[in-house]
Amino acid sequence: MKVYNTLTKKIEPFVPREGKEVKMYTCGPTVYNYAHIGNLRTYIFEDILEKSLEYLGYHVTRTMNITDVGHLTDDSDDGEDKMLKGALREKKSVYEIADFYTKEFFEDCKKLNIKKPQYVSKASDHIEDYIRMIKKLLKDGYAYQANGNVYFDVSKMPNYYELSGKNPDDLKVAVRDEVEADNSKKNPADFGLWFTNSKFNDQAMKWDSPWGVGYPGWHIECSNIAIHFLGEYLDIHCGGVDNIFPHHTNEIAQSEAYLGHSWCRYWMHGEYLNDETGKMSKSNGEFLTLSLLEKKGYDPLSYRYFCLESHYRKQLVFTYESLDRAVSSYQSLKNKVKHIMEHADGTVDQEAYQMYQKQFQEALSDDLNTANALTVLYDVLKSSMSGKTKLELIQSFDQVLSLSLLETETIDAELKEKVLSLIEERTKAKKEKDYERADQIRETLNEMGIMIKDTREGTTFEKIK
Ligand code: AMP
Ligand code: ZN
């Protein structure tokens, strides 16, 4: 397999440290709100990566964090504690907020056929690990205390800018938690490992530490969760491109300073999903969640298909028109597969099977060329092979594509239209406080085998299994 490595800025053969065993770490969500479909694009890319590696004969052990602590800021980086803001917004505790949105995140993943990583761990469960790491960094001279906080001294790491390709003169604020210049730091790029004194005074989660009651910096969680579950060496670390600097840059600095050796050989990053105005974010324009798409009648898997049509390293612009095109391609793909299932005759032609499987593997091995992998699938459908051979290949490819190609339980267009109109009627009834009618409609939908769910963005539905 060949992958583009952000560290070397080259496409390289992928060689794990230990034969076919792959240790993979992916940065998880900050759970103060729903994931937007841009976030989900990154998780789809990582899911495809993990499944491709498995398909190519590797065994992947994967870990992901859940960021539930820290002064969580998002794309707009306005320096607010997002967990606290979320808690105030919804009149819940930060723990409740974290639990709620973690569940919602995994619900979204399930709908997109994204496999849950083997180890998923909350940042707030690793305070002892952070303290151990920070103590060692202080002892070895990589960290220093100033103004009540502990900072990492980036000048101690000669390769600090290797991943990002930036340079020391770049005074862009180096930690997303400190938008304002912090005068207590030795170098502008130094980043916080532990805070007892910051502008985030009302940080809700705090713990005792040798440096006083406070909370960890953001970057330290990923280094520790990775080391905790995967040991001293990682093969692949992933995230979205916005994680390259400062997050991954700082993860490398503190992990390598702590471990005393290089840490992770391959760094892979997924490009942005943009909307027409630019990078999609939670605070910019329509908040595009998966439930919103569902509410508008889109099958989540057509969004997965939409992502697979383009390369993970290319920016992708989301518009409803382009999603509609993906919907019709996906629907026609499923119809073709359905037809093959109904006429799956003959026997499996082993030679043909292997030839197409090889082509599919080559597409994946080419830095995850999912668009070409889909082309191989279409070639299979078009070919004159027996139905049985086609079916076996579709089943095999879908281990990676995860488009539920062999599940025919989709809602047909006519039924969908009926469901949407009943949902609309129910929303109207609720608005008019006609709860009896609203309940009746829910009942009718249930009888039709449709379950509805009221979310913040509106009502979504799914077929009762
Ligand atoms: P967050 O929950 O903000 O930490 O983001 C979760 C993941 O989504 C990270 O890996 C980000 O790099 C990624 N991400 C954020 N915005 C986008 C976007 N517009 N397109 C693709 N990935 C994104
Ligand atoms: Zn991370």
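This is a predicted model, so every value here is computed, not measured. Just follow the structure's listing: the first ligand is 1, and inside any ligand the first atom is 1.
- At a cut-off of 2.8 Å, H247 is counted among the residues with an N, O or S atom near the Zn ion (ligand 2).
- Distance check for H248 against the Zn ion (ligand 2): none of its N/O/S atoms falls below 2.8 Å.
- Of the listed residues (V31, T42, D242), the one carrying the non-hydrogen atom nearest atom 12 (O) of ligand 1 is D242.
- Of the charged side-chain nitrogens involved, none lies within less than 4.0 Å of a carboxylate oxygen, so that E294 and K453 do not count as a salt-bridged pair.
- The nearest non-hydrogen atom to atom 14 (N) of ligand 1, considering only L273, N65, I66, N39, comes from N39.
- An N or O contact shorter than 3.5 Å links G38 to ligand 1 by distance.
- No more than 12 heavy atoms of other residues, nucleotides or ligands shown are found within 6.0 angstrom of CD on E424.
- T370 contributes atom OG1, which lies 10.5 Å from atom OH of Y305 (distance to the nearest 0.5 angstrom).
- Annotation: side-chain hydrogen bond (donor to acceptor under 3.5 Å, both in side chains) contacts of S209 (sequence neighbours excluded): W194.
- For ligand 1, the polar-atom distance check against G239 finds no nitrogen or oxygen pair separated by under 3.5 Å.
- Residue contact check: P29 has heavy atoms under 4.0 Å from atoms 2 (O) of ligand 1.
- E46 and R62 are joined by a salt bridge, as a carboxylate oxygen and a charged side-chain nitrogen come within less than 4.0 angstrom of each other.
- Distances below 4.0 Å separate heavy atoms of E271 from the following atoms of ligand 1: 21 (C).
- Between Y320 and F318, a ring centre-to-centre spacing shorter than 6.0 Å is recorded.
- Other residues, nucleotides and ligands contribute at most 12 non-hydrogen atoms within 6.0 Å of the NZ atom of K110.
- The option from T26, L40, T30 that lies nearest to atom 1 (P) of ligand 1, judged by heavy atoms, is T30.
- No N or O atom of R41 sits closer than 3.5 Å to an N or O atom of ligand 1.
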